[in-house]
Amino acid sequence: MASIFSRIIAGEIPSHKVAENDEFYAFLDINPVAKGHTLVVPKQEVDYIFDLDDDVLGRMMTFAKRVAAAQQAAIPCKRIGLTVIGLEVPHAHIHLIPITQEPDMYFGKEKLTPSQEELAETAKKIREKYK
Ligand code: AMP
């Protein structure tokens with residue numbers, strides 16, 4: 001059965017898209033730890049990120065770098081933090097999180113619950129900065 005992220009990429013489940021190319025898809029996390037928290041996902045469905053081929057992983061990181069630049073331009077923050085957890089959804093993904101201090105990256109805190117309108121507005125701002 002397709003993962004929830006494959007279903008998002010296929011458009012079967014709605015998402016707030018930030019960027020896309022032929023190999024990767026970036027969209028807002030629905031329960032962000034910080035405003036603009038974005039997930040970068042390979043269209044190839046692989047559970048564990050370090051099972052990706054080296055060249056795919058390299059291109060995924062290059063794609064993430066461009067998404068991070070767009071986030072940095074759109075969201076007030078000091079920089080974009082990057083983490084890989086992958087315990088909840090078995091489809092490789094990178095978390096890109098706008099941060100101003102280290103606790104902004106802490107996943108143990110209560111997550112934010114932005115409305116669909118807020119998510120749409122944030123995604124639009126990042127999308128407009130993506131080059
Ligand atoms: P993890 O697999 O531990 O890296 O966590 C998966 C992340 O995916 C969590 O931060 C969830 O909030 C996020 N997530 C799960 N379902 C969706 C969805 N339908 N749209 C956007 N983000 C999601």
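Indexing begins at 1, ligand by ligand and atom by atom, following the structure's order.
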Check: Do any N/O atoms on Lys111 end up under 3.5 angstrom from N/O atoms on ligand 1?
Finding: no

Checklist line | Polar proximity ligand 1 side, Ile4 side, N/O cut 3.5 Å exclusive | finding: no

Notebook entry, point to check: What about Val89: any of its N or O atoms under 3.5 Å from an N or O on ligand 1?
Noted result: yes

Item checked: Identity and separation of the nearest protein heavy atom to atom 6 (C) of ligand 1 -> His93 NE2, 3.7 Å

Check: Between atom CG of Leu82 and atom OG1 of Thr38, what is the distance when rounded to the nearest 0.5 Å?
Finding: 11.5 Å

Check: Considering only heavy atoms of Ile8, which atoms of ligand 1 have at least one such atom less than 4.0 Å away?
Finding: 18 (C), 19 (N), 20 (N)

Next item on the list: Compute the ring centroids of Phe5 and Tyr25, then answer whether they are less than 6.0 Å apart.
Entry: no

Margin query: Please report whether ligand 1 has a polar contact with His37, defined as an N or O pair separated by less than 3.5 Å (distance criterion only).
Written below: no

Next item on the list: Run the numbers for me: atoms of ligand 1, each under 4.0 Å from some heavy atom of Phe5, listed by number.
Entry: 8 (O)

Next item on the list: Tell me which protein heavy atom sits closest to atom 20 (N) of ligand 1, plus the residue, atom name and distance to 0.1 Å.
Entry: Ile30 CG1, 3.5 Å

Notebook entry, point to check: For atom 15 (C) of ligand 1, what is the nearest protein heavy atom, given as residue, atom name and distance?
Noted result: Glu88 OE2, 3.9 Å

Next item on the list: Look at ligand 1 and say whether Ser15 reaches it with a heavy atom at a distance under 4.0 Å.
Entry: no

Note to self: With a cutoff of 4.0 Å, is Leu28 in contact with ligand 1, counting heavy atoms of the residue only?
What the structure shows: yes

Check: Is the shortest heavy-atom distance from the side chain of Lys35 to the side chain of Thr122 under 4.5 Å?
Finding: yes

Next item on the list: Check Lys125, Lys124, Lys131 against Glu128 for a salt bridge (Lys or Arg N to Asp or Glu O under 4.0 Å) and give me the one that passes.
Entry: Lys124

Notebook entry, point to check: Charged N to carboxylate O under 4.0 angstrom, Lys43 versus Glu20?
Noted result: yes

Margin query: Side chains of Gln72 and Pro98, heavy atoms from C-beta outward: is any pair under 4.5 Å?
Written below: no

Note to self: Give me the residue, atom name and distance of the protein heavy atom closest to atom 12 (O) of ligand 1.
What the structure shows: Asp29 OD1, 2.6 Å

Note to self: Taking distance alone, with N or O pairs closer than 3.5 Å, would you say Leu39 contacts ligand 1?
What the structure shows: no

Checklist line | Intermediate values then yes/no, ring-ring contact (aromatic ring centres under 6.0 Å, His included), His93 and Phe27 | finding: CA-CA 11 Å; His93 53 282; Phe27 59 105; 8.7 Å; no

Next item on the list: Taking all heavy atoms of Glu45 and all of Ser6, pick out the closest pair and write down the distance.
Entry: OE1-OG, 2.5 Å

Checklist line | Cluster check Ile94, Ile4: I/L/V/M/F/W/Y, side chain < 4.5 angstrom | finding: no

Check: Quick check: does Leu87 get an N/O under 3.5 Å from an N/O on ligand 1?
Finding: yes

